[in-house]
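Report on the following structure.
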Amino acid sequence: MVLRDLFAAVMLSGVFSLLSAGLFVALDAVDVAFTEAAVGAGISTVLMLGTMAFTSRTEKPPQHSRALPILVVVVTGAALIYGTADLPPFGSPDTPVQLHVAPEYIERTPHEIGLPNIVTAVLASYRGFDTLGETTVIFTAGIAVIVLLHRSSGRRRKEDEDEEEA
Amino acid sequence: MEHHFILRVISKMLIPPIMLYALYVQFHGDFGPGGGFQAGVIFAVAFILYAIVFGVETLTLVCPPAVLRAGMALGVLLYAGTGVYSLLRGYNYLDYAALAEPGHAEHGQHLGILLVEGGVGLTVASAMIAIFVAFASRSPDIKDTDW
Amino acid sequence: MMDLALDIASWVSFALGAFFLIVGAVGMIRLPDFWSRLHGAGIIDTAGAELILLGMAFQAGLTQTTIKLALIGLFLFLTSPTGTHAVANAAHVAGLRPLGQIKDDEKPTTEGDAS
Amino acid sequence: MFVAAITAVFISMALILIRAMAGPTLYDRVLAVNAFGTVTVLMIGLIGFVTDRPDFLDIALLYALINFVGTIAILKFFRYRGLGRSTADASE
């Protein structure tokens, strides 16, 4: 079952985003689910469609055989599933994640920062440098897209004028 | 002409609640889910809906590209400037205790998180709208045979 | 007494809403062509969604949660029919085009046999 | 009670997903994705009730507000072959 229609792929990726938001909700990660909802429902579909305006509507059939990619995917997936056997059970209190820094954040946030939402406190205050970096990444991405698309549209217009003159 | 009458009316009704909800997410992010990134994306969705229904030219009348570029830069500047201010006051970079009177570190944290989230929201919203405008304002080169 | 009445009301809303949801979803699978599948989607978007939200509102009582539920209901009531209308409108316009690649008229015969 | 409602929501999600993957026309898929968004709103709200975290209603409200933007974008793109043009200057 291979989809070559890129429209259908874009739409089904919207469904995937809805489903993964539901998964995050079931895992009790409110802020992550919120981000997935905000980005997946509106922006990502629109931006993928905007990209599709510059490409064709269907995917080209691959030139070489698909055996090697399938082998890589199967081996990687098997390794990952084998790795899950060693993971602690979901929600267990003595996992490394729960023992290292998380209790410290939970303990220190109320009297050091005084916000009810610990995620916001970690993001903006304890890990403020990380968030500064992320903001810079978004800024850079916006600048890069503007520069790229602006340039190429200018060149195309010039080519059109040249053709008309010739 | 009014082929998309229902769509236009409903979009006009929905854009203000979406913006209001974005502001709610921005300023309520300290207490509930959400924060600057999500608020910026939701705010951009309101503009993108407007552009989809009414055309990109109309959107560029509302927020010209220069304003978008300035917004992107201003957001990062607000974030980094908060850190520079705390440096000038003799604290560590991005130590929000610099924003309050000595002894009231909590107030400084509140104010600092508010400023920083505002910077993130401004950058994300402007960048998303700018990317959309950059993609949508070019006329596509699709020939009829490709479809 | 009051709790019992609210529970019963919420049960009835949930049961009706679940019924409409499943009926609409089965309709989206079983109905033969796009135009009849619109009816299934319409049932899910309006009757199913609003009744389940109503059932949740009965459970929540008069709190902030109920206000949020009412807002969700209001916005769903505005957006879902608009989306369905836009889909139907676009399909209609595409079907009327002489070179449109979607020919809904041919669907009932081929698909009706298959299902 | 909530479990019964969630079961119904999951069944309808599965059925709608089948329609979204099967097609056959593009409009069937768009219709299915739209209905899927509505059902997801219900599912997130119900899970929030079961786990007793009304925070989740914020997410459901967000989906109720902006889910149809994607639908409109797909239809606009399919019809006008680009997102930029105004809908007014396309004469029928």
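These numbers were taken from a predicted model, which means no experiment stands behind them.
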How would you list all residue pairs meeting side-chain hydrogen bond (donor to acceptor under 3.5 Å, both in side chains) that involve residues 60-80 of chain B, not counting sequence neighbours?
-> none

Using modelled atom types only, decide if a donor and an acceptor are shared between the side chain of A:Ser20 and the backbone of A:Ser17 within a distance under 3.5 Å.
-> yes

Where on B:Ile131 is there a heavy atom nearer than 4.5 Å to chain A: the side chain, the backbone, both, or neither?
-> both

Ring pair (Phe, Tyr, Trp, His ring centres under 6.0 Å) assessment of A:Phe129 paired with B:Tyr93 = CA-CA 9 Å; A:Phe129 282 30; B:Tyr93 190 69; 5.6 Å; yes

Okay, B:Met72 and chain A: the region with an atom under 4.5 Å from a heavy atom over there is both

Side chain, backbone, both or neither: which part of B:His110 has an atom under 4.5 Å from a heavy atom of chain A?
-> side chain

May I ask you to name which of A:Thr51, A:Thr136, A:Leu123, A:Thr131 has the most heavy-atom pairs under 4.5 Å with chain B?
-> A:Thr131

Considering non-hydrogen atoms only, spot the tightest contact between B:Ile113 and A:Ser125 and give its length.
-> CD1-CB, 4.2 Å

Determine the option with the most heavy-atom pairs under 4.5 angstrom with chain B, choosing from A:Ala124, A:Ala33, A:Ala121.
-> A:Ala124

Do you know which of A:Val119, A:Ile118, A:Leu132, A:Thr135 has the most heavy-atom pairs with chain B at a distance under 4.5 angstrom?
-> A:Leu132

Minimal heavy-atom distance between B:Ile18 and B:Ala46, with the atoms involved, is CG2-CB, 3.8 Å

Region of A:Ile143 in contact with chain B, defined by heavy-atom distances below 4.5 Å = both

side-chain hydrogen bond (donor to acceptor under 3.5 Å, both in side chains) partners of residues 23-32 of chain A, not counting sequence neighbours, each pair once | A:Asp28-D:Arg53

Among A:Ile138, A:Val39, A:Thr35, the residue with the most heavy-atom pairs under 4.5 Å to chain B is A:Thr35

With chain A as the partner chain, list the residues of residues 21-28 of chain B whose heavy atoms fall under 4.5 Å from it, by residue number, and write 'none' if nothing qualifies.
-> B:Tyr21, B:Val25

Between A:Phe34 and A:Phe24, ring centroids under 6.0 Å = no

Intermediate values then yes/no, side-chain contact (heavy atoms from CB on, under 4.5 Å), A:Arg108 and A:Tyr126 = CA-CA 11 Å; A:Arg108 283 167 56 177; A:Tyr126 291 121; 3.7 Å; yes

Side chain to side chain, B:Leu20 and B:Pro16, heavy atoms closer than 4.5 Å | no

Name the region of B:Ala73, side chain, backbone, both or neither, that has any atom closer than 4.5 Å to a heavy atom of chain A.
-> both

Do you know which of B:Leu49, B:Val45, B:Leu94 has the most heavy-atom pairs under 4.5 Å to chain A?
-> B:Leu94

Got a sec, which residues hit side chain to side chain donor-acceptor pair (under 3.5 Å) with B:Glu117, two or more places apart in sequence or on another chain?
-> none

Which atom pair, heavy atoms only, marks the closest approach of B:Ala44 to A:Ile43?
-> CB-CD1, 4.3 Å

